[in-house]
Amino acid sequence: ENSKTSLEAELFPNPSTANFTITYETVNLEPLELMIIGLDGREIRKVILEHNIIGPQTRSFNTTGLSLGVYFVTLSNNTSKTVLDLVISR
């Protein structure tokens, strides 16, 4: 299949202590939604990523306010969703 519909993303460093960086590739200019979700399914933080360009992207996020533990980071648009694990340690 030649058309890309999935969002490919990587998150580092993982475990993270103060900041994490997510890299992803966009195939169109639509905004993306990044959510940090606790293991209990509760939404901790939501960020709309606008001003994307087509191709590789890199964004950094501060983990201040997140308790130690494991979280899910979702990156989604209207057609695709990727879920990554994030471990917060100190």
Side-chain angles (χ1 to χ4, degrees):
E1 182 178 311
N2 289 338
S3 66
K4 271 187 156 179
T5 56
S6 66
L7 283 169
E8 296 183 22
E10 292 183 10
L11 185 147
F12 60 90
N14 199 9
S16 176
T17 55
N19 296 290
F20 71 88
T21 299
I22 189 165
T23 60
Y24 57 94
E25 187 163 342
T26 55
V27 295
N28 59 43
L29 299 177
E30 71 181 39
L32 297 172
E33 180 181 85
L34 182 138
M35 288 194 343
I36 299 175
I37 301 168
L39 287 179
D40 60 359
R42 188 171 51 96
E43 179 185 308
I44 309 293
R45 197 175 292 169
K46 178 163 87 172
V47 179
I48 303 299
L49 305 176
E50 297 183 292
H51 311 295
N52 290 308
I53 58 171
I54 294 175
Q57 309 284 308
T58 301
R59 304 278 179 111
S60 294
F61 296 92
N62 190 301
T63 61
T64 301
L66 295 178
S67 301
L68 302 180
V70 178
Y71 297 87
F72 299 111
V73 176
T74 66
L75 187 64
S76 60
N77 60 22
N78 290 331
T79 58
S80 302
K81 182 176 182 177
T82 297
V83 180
L84 304 166
D85 295 339
L86 171 65
V87 177
I88 303 296
S89 63
R90 296 288 183 252

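Contact of the Thr17 side chain with the Ser89 side chain is registered, since non-hydrogen atoms from C-beta on lie closer than 4.5 Å. Within the 4.5 Å cutoff, no side-chain heavy atoms of Phe61 are placed close to those of Val73. The shortest distance between side-chain heavy atoms of Leu84 and Leu75 does not fall below 4.5 Å.
Checking side-chain atoms of Asn19 against main-chain N and O of Ser60 turns up no donor-acceptor pair under 3.5 Å.
Here CZ of Arg42 is found 8.0 Å from OH of Tyr71. Values are rounded to the nearest 0.5 Å. Atom CD1 of residue Ile54 and atom CG of residue Asn28 lie 6.5 Å apart, to the nearest 0.5 angstrom. Interatomic distance, Thr79 OG1 to Lys81 NZ, rounded to the nearest 0.5 Å: 13.0 Å. Residue Thr63 holds its OG1 atom at 12.5 Å from CD1 of Ile44, rounded to the nearest 0.5 Å. Rounded to the nearest 0.5 Å, atoms CG (Leu32) and OG1 (Thr74) are 10.5 Å apart.
Smallest separation of non-hydrogen atoms from Glu30 and Asn78: OE2-N, 3.1 Å. The minimum heavy-atom distance linking Leu49 with Arg59 is given by the pair CD2-NH1, 3.4 Å. Nearest heavy-atom pair, Thr26 versus Gln57, reported as atom, atom and distance to 0.1 Å: OG1-NE2, 3.9 Å.
Note: the hydrophobic cluster containing Ile37 does not contain Tyr24 (ILVMFWY, side chain heavy atoms under 4.5 Å, direct or indirect links). Hydrophobic clustering of Ile, Leu, Val, Met, Phe, Trp and Tyr side chains at less than 4.5 Å, counting indirect connections, unites Leu34 with Leu7. Note: the hydrophobic cluster containing Ile22 also contains Ile88 (ILVMFWY, side chain heavy atoms under 4.5 Å, direct or indirect links). One hydrophobic cluster, built from ILVMFWY side chains closer than 4.5 Å, cannot hold both Leu66 and Met35; they sit in different ones. Val83 is not connected to Ile36 by any chain of hydrophobic side-chain contacts under 4.5 Å among Ile, Leu, Val, Met, Phe, Trp and Tyr, and they are in different clusters.
If you check the side chains of Thr58 and Thr23, you find no donor sitting under 3.5 Å from an acceptor.
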